[in-house]
Each structure stands twice: as structure tokens, then as C-alpha cells.
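Structure, as C-alpha cells:
Fair warning: this is a prediction, and the values are worked out from it, not measured in the lab.
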Amino acid sequence: MSSNLRIAIIGQSNFAADVLELILERSKFQVVGVFTIPDKGSREDVLATTAASHNIPVFKFASWRRKGVPLPEVLEQYRSVKAELNVLPFCSQFIPMEVIDGARLGSICYHPSILPRHRGASAISWTLIEGDEVAGFSIFWADDGLDTGPLLLQRQTNLEPTDTLDTIYKRFLYPEGVKAMGLAVDMVADGTAPKIVQTEVGATYDPAMFKVENQQICLAQSAVGIFNFVRGLDSVPGAVATVVLDDGTEEQVRLFGAHLYSAGPVKDGKALKLKGLAKPAWVHEGGLLIEGTDGAFVNVRRIKRGTKMINAGDWFKQAEHQPITDFSEDELAKKVQLASIWQAILKAPIEGATDFFAAGAGSMDVVRLVEEVKDAFDVPLENENVFMAPVFDEFFDQLVRNLRQGSGGAGGKQVEYKGFQLKANKRDIRVPTQLFINGEFVDAEKNRVLDIVNPTDETVLCEVACASVNDVDKAVQAAHKAFFGSWKQVSARQRGQLMLKLADLMEQYKEDLATIESVDSGAVYTLALKTHIGMSIDAWRYFAGWCDKIQGNTIPVNPARPNNVLTFTRKEPIGVCGLVTPWNYPLMMLSWKMAACIAAGNTCLIKPAQTCPLTALKFAELSVLAGFPPGVINVLPGKGSDAGQAVADHPLVRKLGFTGSTPIGKHIMKSCADSNLKKCSLELGGKSPLVIFADCDLDKAVKHGMSSVFFNKGENCIAAGRLFVEDRIHDEFVRRVLKDLRSMTIGDPLNRSTAHGPQNHKAHMDKLIEYCERGVAEGAKLVYGGCRVPNMKGYFFTPTVFTDVEDNMFIAQEESFGPIMIISKFNGSDVDSVMTRANRSEYGLASGVFTKDISKALSFADRIEAGTVFVNVYNKTDVAAPFGGFKQSGFGKDLGQEALNEYLKTKCVTIEY
Ligand code: NAP
């Protein structure tokens with residue numbers, strides 16, 4: 001063994017730097033000089049930096065020879081180090097023979113192919129282009145030919161179908177190559193390094209792919225040939241293809257991310273003409289599909305246009321979003337300022353094509369960039385914006401768009417729509433009246449519309465687009481695409497942030513939303529502010545907090561001895577969810593369902609009730625401002641019988657969240673089963689019992705008893721449909737209720753003193769009148785109301801009280817969904833009977849009990865068959881508490897953690913190790 005072997009390293013790049021470090025780890029070697037390329041601008045090659053940090057003399061030559069003759073001063077400097085062995089790990093320069101043979105032991109050189117195959121500068125590319133089954137590298141003794149010298153050692157690996165130039169280099173040629181160079185130097189020093197003459201059999205000399213003309217892909221070949229060419233140049237420099245645009249002009253692009261595609265021609269693709277390809281290629285959701293001459297297909301996932309990398313499937317969208325060209329002087333001055341911010345962070349000169357991440361930036365640099373840009377230009381910006389536009393010119397383009405848009409630009413954008421101007425409640429509110437599909441407001445098919453009536457004065461407020469079956473399909477397709485596309489890119493935490501932003505916007509616009517709700521559904525404004533809108537905001541905030549806390553479990557299963565087993569579960573979103581809601585709390589019903597659905601990571605479309613869809617449409621506008629990607633939320637006013645039914649029937653909808661009546665719920669469940677066995681949750685009607693014992697706090701019982709029935713004009717699913725009042729206090733209870741009813745203010749719901757507004761729509765009010773007539777006909781005692789409020793325009797129905805109601809009467813069994821109190825007596829000694837009567841209903845939504853006796857209250861809570869039990873209170877719901885019914889009041893919960901599970905599926909993963 002020769003000790004202290006004097007070595008010169010000739011080369012460049014990280015690979016050479018790693019070889020240098022490896023050689024330096026061996027104390028028996030002395031690296032006497034490093035010869036590398038000159039600095040590029042102020043940037044030094046990493047080999048030079050590494051060598052300098054070890055105090056090794058560094059020589060930087062632009063060239064070793066001129067006109068074929070070695071430069072004497074270069075030779076002299078090389079000879080000055082007195083190297084015994086030259087090591088060339090990666091060298092792009094031509095090294096004269098005087099140097100190659102100038103070391104006593106010669107020169108060893110790394111080459112990334114199994115020589116004699118693929119001699120030349122682009123060996124890895126050709127390994128892939130030619131479809132070799134193995135890739136590898138050679139370390140050979142340099143001679144005066146191109147990669148022809150005798151071999152010292154070789155290593156190889158199988159090429160995987162997923163390999164590209166990048167992956168094969170990173171997973172094998174680089175790490176194994178560095179190690180092998182270390183070994184080769186050892187072998188030379190030990191005198192065990194062979195010199196195996198290369199055969200000329202099987203030798204190839206392949207063209208250099210840094211020449212642009214060689215990067216052009218030939219599309220007139222088999223699918224495999226196209227695939228191999230693209231991956232052979234992926235990611236540098238990228239295979240060049242030429243797109244022939246509609247106007248006949250040509251655009252050169254680069255193709256990346258190719259894979260063979262055996263799923264056959266795509267549906268809904270859009271043709272794109274590529275030069276040299278006989279048939280059109282197809283732009284589709286998953287990329288660009290190219291048919292080879294053998295009829296097989298290659299799919300290309302990404303395309304580089306100029307400096308911008310896009311998803312190939314977005315080709316036609318990108319064509320619509322041309323970069324800005326008309327920068328003002330002020331904007332150009334900002335560009336200089338922006339470049340200096342980038343330069344300070346990246347510590348390198350900035351060009352238009354500088355990629356923030358390729359230049360070495362990490363996540364803290366993203367934060368710094370965002371904060372500095374926000375500070376400098378007073379423009380909203382998110383980390384996400386940097387990831388979306390990492391190249392300097394694109395980033396600047398986006399910054400200018402945000403600056404031109406003013407505040408709000410970075411998160412969401414203003415959205416255009418046809419709408420109407422609602423002037424009410426001293427406000428002037430613009431309300432959209434179109435369908436909201438894929439982030440845009442659009443007319444319904446055939447311009448179908450619904451009349452929206454103000455229940456307070458019976459006038460038509462506006463016309464709203466009425467979705468057809470085809471419109472529903474469009475929304476489902478958009479939601480489906482978003483689910484597998486843009487929405488997947490949004491992390492759980494970002495999802496939560498979007499939801500919080502939306503909640504903040506709802507808060508900001510809460511007076512507008514409450515005014516719309518009041519005018520559209522007849523909700524009393526103060527209640528709308530507190531409950532309809534207030535609880536909607538709470539729901540979005542509550543579920544936003546869940547987004548990044550959706551976790552599975554690790555489960556101790558039986559090991560498969562002698563091996564071990566790890567089993568864990570993942571909670572995954574279901575996909576596209578359809579939501580169908582009723583008219584009693586329009587925005588709140590939307591929010592209860594949609595907030596859980598979105599938090600779980602799904603995309604959705606909602607069909608609100610046809611009578612009052614306006615807050616849902618205003619909400620859609622806010623979702624754009626919040627920055628939700630198109631397709632994640634879709635809002636389609638329309639009729640239950642066609643649009644609602646189409647949601648239940650659609651084969652791409654995987655879950656239906658329904659709130660409404662029991663008969664429609666049953667029908668929907670059948671549709672869910674017949675269509676695609678979609679998961680469904682049903683929040684249905686109720687006939688909730690409220691039992692008031694004589695030992696209660698009577699003041700409280702009257703107050704809550706009133707609100708249990710008359711809250712939101714009785715249009716309340718958990719309304720107490722039947723009051724059982726103990727005989728000892730019955731008359732007093734009724735007397736007090738009637739006293740309060742006589743002083744109840746009925747009138748314009750926008751008036752702050754109003755306690756009772758109009759019913760939601762005429763058909764509903766008419767049904768309430770019929771309901772009362774039936775009660776009277778069956779012998780119940782009507783002690784108050786039972787009719788429309790006399791001499792008043794609008795759908796005002798007088799709050800009503802029936803007493804002496806028998807269990808078998810229609811009004812004792814069926815839900816009124818209106819302000820009708822149904823009272824029966826019971827004897828305090830017969831608690832069992834009252835429990836039996838309270839449970840004698842096919843509904844089981846809510847229930848209540850008033851008593852000061854804790855045992856009675858708990859016994860009631862044990863025995864009652866209802867999803868919600870209120871004790872000494874009523875209507876006390878909260879977004880954190882699960883809500884939903886038993887029996888024919890449906891199944892599945894809204895609100896609370898349990899609601900998330902309605903919109904998640906559990907996947908179980910088992911691993912043996
Ligand atoms: P509904 O008639 O059942 O309607 C509910 C929703 O379903 C509406 O959007 C309706 O569209 C739609 N729809 C109707 N037919 C459909 C079909 N074939 N396929 C799909 N969707 C269809 O109920 P509602 O009268 O609006 O609401 C009152 C009922 O809701 C009451 O029974 C109440 O108890 C219940 N509710 C329950 C809860 C709860 O949490 N359990 C909460 C609130 C309300 P249209 O707008 O065209 O009718």
C-alpha cells in the first residue's frame with residue numbers, strides 16, 4: 001500500500017464534493033489540489049467551497065487548452081501539486097492527455113453507464129431512452145478516447161418502470177457512485193485495481209442531450225418509445241414537443257411526468273394538436289394523453305410553458321390566463337424592490353426564471369418572504385402563494401394581480417354575478433340570484449327560475465335560478481374534480497384556516513345575512529342574528545378546529561408469529577357529498593352540515609329549500625372571498641323533486657346529508673340505496689314530548705314551555721310537539737301561557753320589538769290552518785288562535801293553544817312545524833304512564849322535562865327514546881353537542897365530533913414486519 005498517496009481531484013458539483021469528503025476520511029491519502037470550473041457570477045462551485053474549507057489548494061480554469069493545445073500556465077499549475085493519481089468524479093471539461101497521463105498512477109474517471117454502452121455526455125438519458133433493463137455506472141482509467149479507457153469497476157441496478165433520469169440518479173448512480181469512487185481509490189492505492197480493456201462489442205456513442213435539437217421528441221413511435229424519451233429527459237432538460245395552436249401558430253413546450261396509460265381513451269378530453277403526431281392528443285383531468293403509433297397511450301402529467309410548469313390537464317385553462325404584459329412604471333419599480341427582497345433571502349442574483357425553492361429556500365424562507373412582501377407592498381399574501389408561484393416572474397405577476405385587486409386579493413377574489421339589490425333594514429345588500437357551480441355564478445339550464453316571495457308582505461322579492469338535473473351533474477363533476485385535484489393539495493391545517501376566514505367573513509356580513517334571512521324566510525331579525533347566523537358562524541369556527549385533529553388509531557391485533565403486525569386506521573373524507581336542507585333555518589342548516597363535511601375534507605353541493613335560498617347564495621359569494629378553490633362548494637337552488645332527487649340519484653355523490661320531513665327522508669334513503677348505495681344521514685321530523693311536573697319552577701317552565709313551541713314561529717324541528725302538564729298545575733300553566741301570548745308582538749320580523757314573524761310560505765300556513773281544523777273536529781279544545789292573524793298582509797299565523805288533547809288525535813301524533821301548543825294532562829302519581837305516552841310516537845328527535853327532583857329528571861333521561869333530552873331548559877343546542885334523532889326522526893348526527901364521522905370513512909391498514 002502506498003501511504004500518503006497524493007491525489008488531485010478534477011471536476012465539479014456536489015457529486016465531486018462528496019467524493020472529495022470520502023477520500024479525505026481516509027488518512028492515508030492527501031488531496032493536493034482541486035481543479036474545477038470558474039465561479040458563475042458570485043457563485044462558486046460547491047467542490048471549490050468544500051476544498052477551501054479543508055485548506056486544499058483550489059484551481060479554477062475556464063479551459064485547459066486553446067485550439068487543441070494545452071495552456072502552459074495551466075499545465076504548470078497542475079504539475080505544481082505533484083499528484084500521483086488524478087480522480088475525475090464528474091468533469092465537464094476537456095482534460096489534456098498531458099494531465100491525464102501526468103500522474104504516476106494515471107487518472108480514474110466516473111461514468112454513469114455500463115460501458116461500453118452509452119459512451120458520451122448523456123449516458124443516463126440514453127439508458128432510459130433506449131429502454132435498457134439495467135442502469136449502472138463504470139469507473140474507468142481515462143485514455144485519449146471518449147469513455148473508452150480500461151475498466152476498473154462497474155455496478156448496476158434494475159431500472160424500475162417509475163424511474164426517470166432524476167430518480168435513477170438520486171437513488172443509485174449518485175450514492176453508490178460516490179461510494180464506488182472511494183473504493184476505486186483504495187484499490188488503486190492497494191495495487192489491486194484492475195485494468196480491463198473495454199470491448200467494442202455493444203459499444204454505443206450517444207448524442208449529447210444538452211443540444212436543443214436532440215431534445216425534440218419524435219412522436220411517430222410506439223407509446224413505450226415516447227414514454228422512455230420523456231422520462232430520459234425528466235427533469236432536466238425536459239423533452240421538447242411542439243403544440244400547434246388554434247390559430248396555426250406553434251409553441252414549444254417541455255413534457256414531464258410521463259407514464260404508460262392502459263385505462264384506454266379518456267372521456268371528456270379536449271383535443272390538442274402536437275406537431276408530428278398523426279392523431280390529436282387529449283387534455284383531460286389527469287394530464288395529456290398521447291397515442292403512440294402502436295395504438296397504446298402515454299399520459300403526460302406536467303407541461304412547462306416558458307418558465308412556468310403547469311398540470312397538463314390545465315392546458316386550456318392556462319391558455320386563458322396569460323401573464324401580465326402591461327406593467328406600469330410603478331409596478332416595474334416594485335419589481336426591482338421585490339428582486340432585492342428575493343436576493344437578500346436567497347443570497348444570489350435574481351433572474352426572471354429564478355425558482356425560489358430550486359435556489360435553496362426552505363420553509364422559514366417562505367415565511368420571511370411573505371412577511372417582507374406584506375410589509376413592503378401592503379398586500380395580503382399567504383405562504384400558499386409562494387408555493388403556487390415559486391418562479392420570480394410568476395410571483396411578481398401574482399403580486400401585481402393582488403395589488404391591482406386591492407385588499408382581499410391574495411385569499412379570494414371578487415366574484416361577478418347577476419343579482420338583486422335588497423334595500424331593507426336600512427341596508428343596501430347585493431344578493432346573487434344564480435346557481436353557484438365550480439366557483440362561478442351561472443344561469444340554470446334553459447334559464448329556469450324560481451320566484452322568491454317575501455312572506456311578510458307576499459311580494460315577489462326576486463327570481464332565482466332553478467337547477468335542473470343537468471345543472472346538478474355539472475356541480476357534481478366540478479366537486480368530483482376538486483376532490484381529486486385542488487382540494488387534495490390543501491392541507492388539513494390550511495383547510496381549517498379557510499374555514500376560519502369564511503367564518504370571519506360571515507361575522508363581518510352578519511347583519512346583511514340576518515337581513516336576508518329575515519326577508520326571505522320570515523325569521524325575526526334579532527333571532528336571525530343570534531341563532532340563524534350566530535350559530536352558523538359558530539359551526540364554521542367549531543369545525544375549523546377539527547380539521548387537523550382527524551386521526552385514526554393504532555390497534556393491537558394478534559401478531560403473525562414469528563413476525564410482528566402493525567394495524568392502524570386512517571380517517572378519510574368520503575368524496576363528493578350532497579346536502580339537502582329545509583327552509584326553517586336556511587343558513588344554519590347549511591352550516592351545520594357543510595362545516596362538518598368540509599372539515600372532514602370532502603367537497604360538496606347543496607340544494608337549499610326552494611322557498612328561501614338567498615342566504616345560501618350570499619354564503620357562496622363569501623366562500624369565494626375566503627379563497628375556497630372552485631368546485632369545493634357548490635350551491636344549487638332548485639326543486640326537491642328534480643334537483644334534490646338528482647343529488648340523491650347521482651352515482652358520483654358518495655354521501656347525502658339530508659334534513660327534512662320523514663316521508664321525504666324515507667324516499668331519499670331508497671334513492672341512495674338504488675343509485676350507488678351512498679351513505680346517508682337523515683335529520684327528520686319530530687313530535688318531541690315535554691313533561692312538566694308540578695314540582696317544577698313554574699315561571700321557568702312557562703318561559704321555556706313557550707319557547708319550546710313558539711321559538712322561530714314553531715318552525716323548529718325540536719319544537720315540543722306535545723306538552724304533558726301535571727294536573728295539579730295544568731290550569732295555572734295554561735293561564736300563564738295565554739297571558740304571555742296575548743302580549744306577544746306579531747309583525748314585521750325586521751322590527752326589533754317583534755317576537756313572532758310570518759310563517760315561511762303560504763302552503764305551510766295553509767297546512768297549519770287545516771291542522772287546527774282537524775284538531776277541533778276531533779274534539780280537542782282550541783283555547784287560543786288556530787287561524788291566520790286577522791287583517792294582516794303576509795303569512796302571519798296566530799300562535800295557538802289546544803288543551804284536552806287525547807293521545808289518539810291527529811294533532812297529538814303528527815308534527816305541525818308551526819306555533820301550535822298541544823297540551824295534555826297527566827297525574828303526578830302515574831309517572832310510568834306519562835313515560836309510556838311520551839314514548840308512544842314513531843318520532844324520537846328531542847324531549848324535555850321540568851322538575852326540581854333530580855331523580856325524576858334522571859329517570860326521565862334514562863327512559864325517554866329521543867336523541868336530545870333537555871332538563872329544566874329547552875332549545876339549548878350548541879355546535880359542540882351532537883344533535884339528531886332516534887326512530888323515525890332519522891339517524892346520523894349533526895354537530896359535535898360525531899358529525900365529523902358522518903363525513904368520514906375508516907380505512908384499516910395492516911403491515912407485517
Ligand atoms: P321536506 O319537504 O322534506 O324538504 C326538505 C328538503 O328536501 C327541501 O330542500 C326539499 O326541496 C327537498 N326535497 C323534497 N323532495 C325531494 C326529493 N325527492 N329528493 C331530494 N330532495 C327533496 O321538508 P321541509 O318541509 O322543507 O322541512 C320541514 C321538515 O324538516 C320538518 O319535518 C322538520 O321537522 C324537518 N327538520 C328536521 C330537522 C332535524 O334536524 N331533524 C331540522 C329542521 C327541519 P323543496 O325545497 O323543493 O321542497
Side-chain angles (χ1 to χ4, degrees), residues 1-13 15-37 45-61 63-65 70-111 115 137-155 177-198:
M1 174 196 288
S2 38
S3 61
N4 270 335
L5 181 68
R6 296 172 67 84
I7 294 174
I9 308 263
I10 305 175
Q12 66 201 70
S13 81
F15 184 86
D18 282 357
V19 170
L20 169 63
E21 295 275 15
L22 195 69
I23 291 173
L24 290 174
E25 280 172 18
R26 293 151 160 81
S27 56
K28 57 191 175 187
F29 305 135
Q30 190 188 352
V31 178
V32 290
V34 160
F35 298 85
T36 187
I37 53 172
D45 188 86
V46 60
L47 176 62
T49 314
T50 312
S53 73
H54 290 284
N55 297 323
I56 297 169
V58 178
F59 304 87
K60 298 174 183 175
F61 303 145
S63 170
W64 292 68
R65 54 183 198 163
L71 295 167
E73 65 277 17
V74 167
L75 274 186
E76 192 181 323
Q77 287 182 67
Y78 165 73
R79 285 177 180 142
S80 72
V81 302
K82 298 192 175 54
E84 294 170 279
L85 174 69
N86 295 326
V87 175
L88 285 72
F90 171 69
C91 179
S92 63
Q93 293 178 317
F94 189 94
I95 310 297
M97 284 313 291
E98 286 81 349
V99 172
I100 294 293
D101 291 339
R104 177 173 64 84
L105 294 171
S107 300
I108 59 169
C109 202
Y110 171 88
H111 180 79
L115 290 170
F137 58 82
S138 309
I139 297 172
F140 67 96
W141 297 93
D143 66 6
D144 57 354
L146 178 64
D147 308 326
T148 51
L151 298 169
L152 193 162
L153 65 79
Q154 291 185 312
R155 294 281 183 273
V178 170
K179 279 190 243 163
M181 283 301 274
L183 177 64
V185 173
D186 281 343
M187 290 165 78
V188 174
D190 294 348
T192 57
K195 287 189 178 173
I196 304 160
V197 175
Q198 286 190 41

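Applying the side-chain hydrogen bond (donor to acceptor under 3.5 Å, both in side chains) test to residues at least two apart or on different chains, the pairs with a partner in residues 45-58 are E21-H54, E44-T49. Note on residues 74-100: pairs passing ring-ring contact (aromatic ring centres under 6.0 Å, His included), not counting sequence neighbours, are F35-Y78.
Residues forming a salt bridge (charged side-chain N to carboxylate O under 4.0 Å, His left out) with D143 (at least two apart in sequence, or on another chain): none. Not counting sequence neighbours, W141 has no partner by the side chain to side chain donor-acceptor pair (under 3.5 Å) test. Residues passing the salt bridge (charged side-chain N to carboxylate O under 4.0 Å, His left out) test with R79: none are found, sequence neighbours excluded. With sequence neighbours excluded, the residues forming a side chain to side chain donor-acceptor pair (under 3.5 Å) with Q154 are S138, listed by chain and number.
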Stepwise salt bridge (Lys or Arg N to Asp or Glu O under 4.0 Å) check, E84 with R6: CA-CA 5 Å; E84 294 170 279; R6 296 172 67 84; 5.2 Å; no

Would you sort out whether D186 and K28 count as a side chain to side chain contact (heavy atoms under 4.5 Å, CB included), showing the intermediate values? CA-CA 9 Å; D186 281 343; K28 57 191 175 187; 3.4 Å; yes

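Put simply, the residue from V81, T36, I10 that forms a side chain to side chain contact (heavy atoms under 4.5 Å, CB included) with F59 is V81. Of the residues listed (L5, D18, V185), the one engaging I23 in a side chain to side chain contact (heavy atoms under 4.5 Å, CB included) is V185, and it is the only one.
Under a cut-off of 6.0 angstrom, the local environment of CD in E73 is crowded, with over 12 non-hydrogen atoms contributed by other residues, nucleotides or ligands.
Two residues are said to be in side-chain contact when any heavy atoms from C-beta on lie closer than 4.5 Å; V32 and K82 fail this criterion. Within the 4.5 Å cutoff, no side-chain heavy atoms of D101 are placed close to those of D144.
For the residue pair P89 and V87, the shortest heavy atom distance occurs at CD-O, 3.3 Å.
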